[in-house]
Amino acid sequence: MQERYLVLKNGSTYEGIGFGSKKVVHGELVFSTGMTGYQESMTDASYEGQMLVFTYPLIGNYGVNRDDMESLHPSVAAIVVNEIARLVGNWRSNMTLTQYAELEDLPGISQIDTRALTQELRDEGSMEAVIVDDLKPETIKAAFNQPLESTSAQSASTSSVYQAPNTGLRVALIDFGLKDSILRSLAQRNLNVTVFPSTSTAEEILASHPDGILLSNGPGDPKDLEYVLPVIRELEEQLPILGICLGHQLFALANGANTYKMKFGHRGFNHAIAEAGKKQTYFTSQNHGYAVDAKSIPSTELEITQTEINDGTVEGVRLKNRPAFSVQYHPDASPGPHDAEYVFDDFVKAMQDNQKAGI
């Protein structure tokens with residue numbers, strides 16, 4: 001066991017035990033409140049380049065398997081836990097979390113007071129941090145001088161077009177950091193999916209003759225992707241659109257709304273949302289550090305459809321005059337509650353109605 005240190009940009013220091021990769025890492029430190037789902041979280045491209053704190057005190061107790069990945073390799077820059085499980089109790093497990101971290105060269109640090117750390121991040125907001133081997137000033141300075149781990153949707157996106165064929169309606173999916181569970185949710189509805197890089201033009205996408213457009217989740221600041229906004233505007237004039245997570249923010253920006261960076265974001269699987277004008281609530285899986293500004297909506301053709309119960313964050317919008325809508329949460333629910341899976345069914349219905357109308 002090797003002592004390692006988590007040092008925050010504000011100077012706070014946490015001593016722990018390293019596991020996995022021993023490399024020095026510099027990234028944005030964020031936390032997730034999920035009690036399970038650590039495997040899906042680690043491989044979710046929306047976390048690309050971030051150092052992820054798990055608030056649940058015991059992580060790794062059901063190991064790691066091949067089926068619950070959201071991508072082939074971890075997206076997180078590092079993981080921070082209170083206690084890492086020494087024993088695994090799950091017939092599906094192929095390896096322990098420690099073994100997985102070693103295999104993937106993923107830095108981890110355990111025996112951290114994650115309750116105190118999470119309270120600090122809630123009070124002061126997500127911030128830069130490093131994991132180092134000692135507390136010498138020159139070591140810490142050198143670590144913070146390393147480039148921040150990338151949180152770019154362009155780097156998280158596919159570099160080439162590929163298909164997930166099926167027998168149903170055709171969906172063009174623009175990949176900003178796609179979770180595999182979104183593809184699985186579309187496959188369950190027999191949708192014939194073509195996945196496009198984030199830099200694709202409207203002409204390239206329309207050449208696949210899609211019945212609808214899906215804007216995927218992904219990492220980073222949506223305002224860094226201004227090049228895609230005119231593409232979205234052109235596509236929504238012709239086809240139904242569903243935006244998810246980052247795709248929701250981009251859809252809102254394309255239609256004149258604004259976005260902002262949240263203090264510490266929403267990351268976990270227990271976020272309650274309310275349907276506008278209805279006595280209906282859902283629990284949702286979320287992972288985002290940016291949000292749509294509710295004050296910017298009235299001057300647009302958008303309307304708010306859902307809000308987060310705790311802080312009023314905009315969780316869903318739709319165009320008043322087109323079959324185009326978006327949600328901030330992850331309806332694929334991997335992991336997390338399955339309350340919002342109906343969002344994909346609404347998308348299918350929008351494509352069917354669009355076909356019938358001959359639009």
Side-chain angles (χ1 to χ4, degrees), residues 46 169-176 178-179 181-182 185-186 189 191 193 202 205 210-218 222 225 228-259 266 271 273-278 280-282 284-288 290-294 296-308 312-333 338-357 359:
S46 295
L169 294 167
R170 297 182 298 273
V171 173
L173 192 159
I174 307 178
D175 176 14
F176 302 106
L178 172 67
K179 293 173 65 178
S181 54
I182 291 178
S185 294
L186 299 177
R189 291 156 179 83
L191 297 177
V193 181
I205 294 167
D211 298 303
I213 308 293
L214 196 152
L215 311 173
S216 87
N217 65 292
L225 303 174
V228 80
L229 303 186
V231 176
I232 295 172
R233 285 191 285 266
E234 183 173 347
L235 293 173
E236 72 186 19
E237 287 297 317
Q238 304 181 54
L239 295 165
I241 283 186
L242 167 61
I244 294 174
C245 196
L246 178 63
H248 158 77
Q249 298 158 13
L250 292 170
F251 174 67
L253 286 172
N255 286 283
N258 194 19
T259 58
H266 291 169
H271 287 272
I273 63 167
E275 193 86 21
K278 299 180 182 178
Q280 181 68 55
T281 59
Y282 309 95
T284 62
S285 172
Q286 300 200 18
N287 174 12
H288 62 103
Y290 292 83
V292 174
D293 184 357
S296 69
I297 298 294
S299 61
T300 73
E301 289 301 312
L302 297 167
E303 59 184 359
I304 297 173
T305 56
Q306 296 169 325
T307 55
E308 216 266 2
T313 301
V314 175
E315 293 293 337
V317 296
R318 67 181 170 217
L319 275 176
K320 299 174 184 177
N321 57 352
R322 298 294 303 171
F325 65 103
S326 63
V327 294
Q328 181 61 81
Y329 49 87
H330 291 259
D332 45 291
H338 297 271
D339 297 22
E341 286 184 324
Y342 71 89
V343 169
F344 292 110
D345 298 323
D346 287 351
F347 180 46
V348 171
K349 185 176 187 303
M351 290 189 288
Q352 292 171 336
D353 291 347
N354 197 58
Q355 279 192 334
K356 292 175 183 176
I359 299 175

Asker: Output yes when a side-chain donor or acceptor of Q249 lies under 3.5 Å from a complementary backbone atom of Y290, and no otherwise.
Answerer: yes
Asker: State the CG-CG distance between D175 and L214, to the nearest 0.5 angstrom.
Answerer: 10.5 Å
Asker: With a sphere of 6.0 Å drawn around NZ of K320, does it hold more than 12 non-hydrogen atoms of other residues, nucleotides or ligands?
Answerer: yes
Asker: If we only count heavy atoms from C-beta on, is the P230 to E234 side-chain gap below 4.5 Å?
Answerer: no
Asker: To the nearest 0.5 Å, tell me how far T313 OG1 sits from D293 CG.
Answerer: 10.5 Å
Asker: Out of I241, L319, V343, which residue meets the side chain to side chain contact (heavy atoms under 4.5 Å, CB included) rule with F325?
Answerer: V343
Asker: Of the non-hydrogen atoms in I232 and L215, which two are nearest, and what is the gap between them?
Answerer: CD1-CD1, 3.8 Å
Asker: Mark yes or no for whether N354, through its side chain, and D211, through its backbone, hold a donor-acceptor pair below 3.5 Å.
Answerer: no
Asker: Quick one, L250 with I174, criterion side chain to side chain contact (heavy atoms under 4.5 Å, CB included). Give me CA distance, side-chain angles, the key distance, then yes/no.
Answerer: CA-CA 11 Å; L250 292 170; I174 307 178; over 6 Å; no
Asker: Ignoring hydrogens and angles, state whether a donor on the side chain of T300 or N255 is under 3.5 Å from an acceptor on the partner side chain.
Answerer: no
Asker: Spell out, as yes or no, whether a donor-acceptor pair under 3.5 Å connects the side chain of T281 to the backbone of A274.
Answerer: no
Asker: With no hydrogens and no angle check, is any side-chain donor or acceptor of T305 less than 3.5 Å from a backbone partner on G316?
Answerer: yes
Asker: Do V317 and S326 come within less than 4.5 Å of each other through their side chains, counting heavy atoms only?
Answerer: yes
Asker: Given H271, which of E308, Q328, E315 fulfils the side chain to side chain donor-acceptor pair (under 3.5 Å) condition?
Answerer: E308
Asker: How long is the straight-line distance from OG of S185 back to NE2 of H338, given to the nearest 0.5 Å?
Answerer: 9.0 Å
Asker: Please tell me if the side chains of V292 and L302 come closer than 4.5 Å, counting only heavy atoms from C-beta onward.
Answerer: no
Asker: What is the distance from atom CG of L186 to atom CG of L242, rounded to the nearest 0.5 Å?
Answerer: 8.5 Å
Asker: Do the non-hydrogen side-chain atoms of F347 and L169 ever get within less than 4.5 Å of each other?
Answerer: no
Asker: Check whether any side-chain heavy atom of T284 sits under 4.5 Å from a side-chain heavy atom of H266, and report yes or no.
Answerer: no
Asker: Testing the basics here: between L253 and R233, what is the closest heavy-atom pair and its distance to 0.1 Å?
Answerer: O-NH1, 4.4 Å
Asker: Can you find a pair of side-chain heavy atoms, one from L239 and one from P210, that are under 4.5 Å apart?
Answerer: yes
Asker: Has R322 got a side-chain atom pairing as donor or acceptor with E236's backbone, closer than 3.5 angstrom?
Answerer: yes
Asker: Testing Q306, Q286, H248 one by one against Y329 for a side chain to side chain donor-acceptor pair (under 3.5 Å), which residue passes?
Answerer: Q306
Asker: Using every non-hydrogen atom in the two residues, find where T259 and P222 come nearest and quote the distance to one decimal.
Answerer: OG1-CG, 3.7 Å
Asker: Please lay out, stage by stage, how S216 and L173 fare under the test side chain to side chain contact (heavy atoms under 4.5 Å, CB included).
Answerer: CA-CA 7 Å; S216 87; L173 192 159; 3.9 Å; yes
Asker: Any chance you could lay out the side chain to side chain contact (heavy atoms under 4.5 Å, CB included) test for M351 and L191, step after step, and finish with the verdict?
Answerer: CA-CA 11 Å; M351 290 189 288; L191 297 177; 4.0 Å; yes
Asker: If you look at every heavy atom in C245 and H288, which pair is closest and at what distance?
Answerer: SG-CB, 4.2 Å
Asker: Any chance the rings of Y282 and Y342 have centres within less than 6.0 Å?
Answerer: yes
Asker: Evaluate the side-chain hydrogen bond (donor to acceptor under 3.5 Å, both in side chains) criterion for residues N258 and S296: first the C-alpha distance (whole Å), next the side-chain angles of each, then the deciding distance (0.1 Å), finally the verdict.
Answerer: CA-CA 6 Å; N258 194 19; S296 69; 5.9 Å; no
Asker: Kindly compute the distance separating OG (S46) from CG (N217), expressed to the nearest 0.5 Å.
Answerer: 4.0 Å
Asker: Supply the atom-to-atom distance Q352 CD to K356 NZ, rounded to the nearest 0.5 angstrom.
Answerer: 6.0 Å
